[in-house]
Amino acid sequence: MSSTDSFIDKLHDKQQKKGLLADRIRTKEMGEDVILEIQNLKKFFDIPVPFETTWFMIAFVAAIVVFAFEQIVGLILIGSIIVLYFALPYVPPFNKRPRVAHLKAVDGITIQIKKGKIVGLVGESGCGKSTAAKTIIRLHEPTEGSVYFKGIDINRLTSDEMKEIRRHLQIVFQDPYASLNPRATAHDIIIEPFDIHGVASGDEASYRVLTLLKDVGLAPHHAYRYPHEFSGGQRQRLGIARALALEPDFIVMDEPVSNLDVSVRAAIIQLILYLQKKMGLTYLFIAHDLSLVKILCDEVNVMYLGKIMEAGTSDEIFESMMHPYTKALISAVPIADPTKRSKKIFLTGDIPTPINPPPGCKFQTRCPLVSDICRVDDPPAKWYTASHVAYCHNIEGGEENPDSYTQ
Amino acid sequence: MSLKGFIIRRTIYIVPVMLGITLMNFTLINVSPGDPVIVRLGLIHCDHDDCYNAAYNGEAIEMGLLDRDYYTIPWFKRYVSFVNDLLHFDLGKSWYYTQAGEGIPIAKIISDRAIYTVVLNVLAFFFSLLLATAIGVVSATRQNSFWDRSLTIAMLLGYSMPLFWLAKLLMLLSFQLFNFTGVANKDAFKTPLFLNPNFYKYLILPTLALTLGGLVFMARLVRSQLLEILRQDYITTAKAKGLDNRAVIYKHAFRNGLLPIVTIIGNSLPGLLAGSVMIESVFGWPGLGTVFLEGALFRDYPMMMATNTIFPLLFLVARLLTDITYVFIDPRIRY
Amino acid sequence: MKSDFMSRPSEEVLLEINRLKTYFFTEEGVVKAIESVDLEVYKSETLGLVGESGSGKSVTALSILGIVPDPPGKILDGEVIFHGQDLRKLSDSDMRKIRGNQIAMIFQDPMTSLNPVFTVGDQISEAIILHQKVTKKEAKEKSIKIMSLVGIPSADERVDNYPFEFSGGMRQRVMIAMALSCNPELLIADEPSTSLDVTIQAQILELLKATSEEFDMSIILITHDMGVIAEMCDRVAVMYAGFICEIGDIMIIFKSPYHPYTRGLLGAIPRPDAARDDLQIIRGAIPNLINPPSACRFHPRCDYYMLGLCENILPELVEIEPGHSVRCHLYTDEGKAWMAERGDKRVIGTIPKSIAG
Amino acid sequence: MATAEQEQTGEFLLDEKTLREIETMKGAGQWSIVWRRIKKDKMGMLGLYIVLFLILMAFSSWILLGFDNWLTSQGYLLGDPLNPRSFNNLYIELWLPGMPADSPLVLFQHPRHHFPELAKLPPSFKHPFGTDGIGHDMVSRIFFGATVSLALGFIGQMTTVIIGTFLGSIAGFYGGAIDDILQRVIELLYSMPGFILMIFIIVLFEDVNIPGGRYAVVVIFFSLIGWGGTALIVRSNFFSLKQQDFVEAERALGASDMRIIFKHILPNSLAPLIIIVTLGIANTIFLFAALAFFGFGDPNAVSWGDDLNKWQNELLYFPWMPMFPALFIFFTVLGFNLLGDALRDALDPRLKD
């Protein structure tokens, strides 16, 4: 571990020289063990909208016809045909050549993750949780914003440096079957990271594979089986073993249990918790199951349409939530206790699409507290404690500045 | 965007594609080795060069090559005039089909012969689609029954049978049963065409052969598509509503199954057209296919160029029609 | 079996299922999806049918309606008694009169269970025309009415829209409208909210609750989510690998589950005031139904497994108290004899720690 | 790790039978499952046997002919080559005890040798498939024709698949301008019926003189214009596979593009490629037979298509002459189609658990 730490120090020095570093983190807050800081992360996708090509084409075709009738220079004609054919917007039957609209999957999120904590990121489908997860470990390039890992801006690293950093940042996917190469055995899958990074080879690698299998609760004789021969829970164990292979510091758990059956789910959760304790891991736990997040996470971020609505410690979010969306979300969760049938807050309408959303608060279309200002201005941050913040125009209390809570 | 706009756009888009195709063909013809005049000359016996040159020139003049300065103008300039002629619906004169020592205009040949190909193809397409639907529905709704198994095997056998050989076998069968080979000779089709009993008599076997050829292809398609769709959730919904099997299949399954079927048939039209070329040739049916094959055998370049322009054009138009059909079948598609 | 449920007057029974058995004959082998399902549904109650994937919940629903895809599925045995007549003995056309009319069903994925090429109005009025003697126009009017009833805004315009123009929640509302269009007495809801988001799920469940009261309709609510069951149901039946293993009143089941599987299931979900370590594990995995464990199919995963008994003799459904039955050897005579023989004092009917705490 | 171990021991507390099944499943990769599925499919196995038989036939005739050429060039086979009865021209003889020593049963004759006096004989014990119009034994012609007919199908299809896979995978993985250009070229090629385009090209290039004769020209042009379909399928496969989680996981581990393409994506797109090859060989053989039938083959080649072309007009009077080559073309296409259909079913991803 010492060699990798020195690598990070080297990167740190390099970025400091260039003035890229988030100095605040390194100097002030490393003492508090901030392992990952996400600042104003945005990820937009370009999506196609129909593009009118008719006039463009008519102009070109007309030019060609003029050439043809006048028979001036054949070469010009032939050249322009080739240009026309290849340069014209391709018009396959149903996908017109796109003009671009932005799908704002992640629209500026800021999260601080402290070492050894489990930080939850919850939200409904289409709120950009998974995009956020992939952008954080740089599987997608962010449109804007930065991710600082131990103070290093990972989006500015070269591919070689990034490869080295990837040893510390890993991900576990939602669908345990899709995330395993169906043509590779468990052994092949877990040895892959050793192979890529040249950490270990031959017998040593195999030995480490078997140790990892044991760590995640699989038996040695599972090593030469293919993913389809495992049950859902065992597949997810394999996925976790692969993520653990390089001894990372930080793992993004992208809904690791939502595709599993109830009885298996608990076992995987226990494994995740056990590994965290044993290896001192830090998790970003992404989920839509609030009751799970409640018992699992130290801190929770509630996301809606690419924005953070409310963030705080688990207790703060679940016991003293402020944001109307959080309130509705939590009250909508069915509670597995028939004696506690709660009175629910029903949100009207559906989740709108994140394509070019209206200005102001993203939640305005469904919010029970909506007022005129919500349709114009972005909601301000209101801090209730040093860790608890909600973004809303119409809620009571709160401070503009979090620093008033720091000692 | 309106449907009209879409149609206009797609129609205009045909232009560069056609230009690309004709350019490709024209280039191929002009870079290929061999002199078409020599092919036409065949084996002539000449004692000295003058005799040969005279014969060569005579042949070249007859083919109309000297008129157009075939040997002096670079090929890309000739391509420009080809496109120019094409825009005036002038496809040049045939080298092989001649009348009174002069080539017949290809546009005339094609307009004379097109009706044969159209009648044959439309009839066969209609029949095969009808039969394929029937067979596909029977097979798909009674999966793994006796009928399904035997029909599937029959379709597979037919699918593996080369189409031209199927035509030959039909010919043999008809000869054994009725002493009628179905091969038309040139005198069989004197005008007026649609009152001519010979036209119908000689139409039977080609239509039958082409129908079988299309049928085996489409029936397999219909069956697999229907099987796929009968697995869908909305079929269960329809059943849970209390609809009977007929309504489920003919209303709910069929309309959904049509979409992929239309796509695949639309995309396989060139294949069906090639089948028609084979069948026409085997039965001597005087359509475009025969014209093309005979022209190709005798290196009739203008004719080959013309057919190789017409067939892609037909295909592109057919694909445009396919796309338009989509709009009426599937409400999800908007232009 | 019938005597087990004598706690309620029998005229209130709407649907009774006895020894239902459905297999799927696939190329890989025979999938024994349902081995023996016995349950009753009372008038205007909501019965929850809960179990993990592959437990046979959906197949039960399809078997009730007689629309198990055949091939490969086949109902081999059992009775489905609805209003005193055995649905399995009805002719096809009589059965069709009941489907969609007296018993309606909604499905898990509203995305795929609506036909994409017909307008929603067409699809709703199709059922109305089929079961009621009305003209097309009246059917359409009725569709609009029922659409606004299930909370689809501006229904008179939306009626001519296609399913793809609706969002997931709205599509599920369309499905509910379609099911309600003929005032059914029984609605089978197969995971109606699983593919929806939490806030939308709450809306749909509330709608189901409201309509069941309004229409005086019984609901069989199939789900794997214990939370949904707790919110919605009057009684609950727990299924495991083709068997009903426990059935009873919701309060009883959640308070003192008797079957080891029910206990495991309840222990494995995060309860409102649980801590991290309270999550309990059912070891093993859901069995492959082509080759399921013999007799009691839960025995390889069971903490109370009795060697020589559980894998050989299938326990009967035993009534513990009125309206609460369990299929487990802990409560059968054989089991008691086995324990007595070995001087084994297993604790029966205690409440798991996590639930009690 | 007590809890996890519990899960796994629970898994293996299953009864004996299941346990044994798990044992047999150990190490069973995708391919062994595919093989098991094909073995269950009777029609597929029939197709496999037909294909294997034909390949065996083509190979043995090829080797035999090569051996004969070598012997002749070495001068080992003496005797008058013009004499039909000389040792040189009697090919494979079968002599069984009890048969007259001077008239053994001739299994195969040299494919190019003909006996004009034996022309147009109907099938008999000596000539099971009869003889053709100039006195070739049809059995021999068919036996030796298998090489050309099958080789054309194999080589033609393999070249198109290799070109198509290469272009398709590049376009699919990187997308962008390469992908755009590739799509346009495919569109051009696909706007013309393949059969007609092939005839067009054969006519234009029939004079080209390259080793391998006319069929070499045909195969070269076939592979130049025929790769579009494969490229499209491979392209779309790459598009969907590169978005799969397991590829994302590789990226998260820091794997390079080449590693991802060759170690992870390509092996996973093998299944459609195998189907393309099998069904494509059937189509290619069919196409070449059709070209030969309409007189665009090589009249000097010993192949089923050209024999069929030569005797097609004798069908009404001497039906065996064109019938047997046609029958073998049919069987070949049928075999590959059966095998291809079985493979398609066996490789169907929907059937995966």
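Reckoned from all heavy atoms, side chains included, excluding hydrogens, waters and symmetry mates. For clarity, every value in this text was computed on a predicted model and none was experimentally measured. Proteins get letters first, then strands, A, B, ... in listed order; numbering begins at 1 in each.
For B:Tyr200, the OH atom sits in a packed shell: over 12 heavy atoms of surrounding residues, nucleotides or ligands are nearer than 6.0 Å.
Here the side chain of C:Arg88 pairs a donor or acceptor atom with the backbone of C:Gly78 at under 3.5 angstrom. For C:Lys57 (side chain) and C:Gly51 (main-chain N/O), a donor-acceptor pair under 3.5 Å exists by modelled atom type.
Contacts between C:Ala104 and chain B at a heavy-atom distance below 4.5 Å are absent for every atom of the residue. Using a 4.5 Å cut-off between heavy atoms, C:Gln123 touches chain B through backbone and side chain atoms alike. Only the backbone of C:Leu114 has a heavy atom closer than 4.5 Å to any heavy atom of chain B. Looking at C:Met111, there are no atoms closer than 4.5 Å to chain B (heavy atoms on both sides), in backbone or side chain. C:Met95 does not touch chain B: none of its heavy atoms, backbone or side chain, sits under 4.5 Å away. For C:Pro69, no part lies near chain B; criterion is any non-hydrogen pair under 4.5 Å. Neither the backbone nor the side chain of C:Ile98 has a heavy atom closer than 4.5 Å to any heavy atom of chain B.
Looking at C:Glu126 and B:Lys251, a side-chain N of the basic residue comes within less than 4.0 Å of a carboxylate O on the acidic one, giving a salt bridge. Here B:Asp323 does not pair with B:Arg319 in a salt bridge; the nearest charged N to carboxylate O distance is not below 4.0 Å.
For residues 145-168 of chain B, a heavy-atom distance under 4.5 Å to chain C picks out no residue at all. Using non-hydrogen atoms only and a strict 4.5 Å limit, the part of residues 233-244 of chain B facing chain C consists of B:Asp233, B:Tyr234, B:Thr236, B:Thr237, B:Lys239, B:Ala240, B:Lys241, B:Gly242, B:Leu243, B:Asp244.
Contact of the C:Gln132 side chain with the C:Cys182 side chain is registered, since non-hydrogen atoms from C-beta on lie closer than 4.5 Å. The side-chain heavy atoms of B:Leu288 and B:Phe292, taken from C-beta on, include no pair separated by under 4.5 Å. Side chains of C:Val117 and B:Leu258 form no contact here, defined as non-hydrogen atoms less than 4.5 Å apart.
Among the candidates C:Thr112, C:Ile188, C:Ile103, the residue making the largest number of heavy-atom pairs closer than 4.5 Å to chain B is C:Thr112. Of the listed residues (C:Asp109, C:Asn115, C:Leu130, C:Leu65), the greatest number of heavy-atom pairs within a distance under 4.5 Å of chain B belongs to C:Asn115. Interface summary for chain B: among C:Met105, C:Lys97, C:Met178, the most heavy-atom pairs under 4.5 angstrom belong to C:Met178.
Side chain to side chain, C:Ser58 and C:Asp190 meet the donor-acceptor criterion of an N or O pair below 3.5 Å. For the residue pair B:Thr117/B:Glu280, the side-chain donor-acceptor check at 3.5 Å is satisfied. Residues B:Thr211 and B:Ser128 have side chains that never bring a donor and an acceptor to within less than 3.5 angstrom of each other. For the residue pair C:His83/C:Gln102, the side-chain donor-acceptor check at 3.5 Å is not satisfied.
Residue C:Ile34 holds its CD1 atom at 5.0 Å from CE of C:Met239, rounded to the nearest 0.5 Å.
Classification of the C:Phe25-C:Tyr23 ring pair by plane angle, with boundaries at 30° and 60°, yields tilted.
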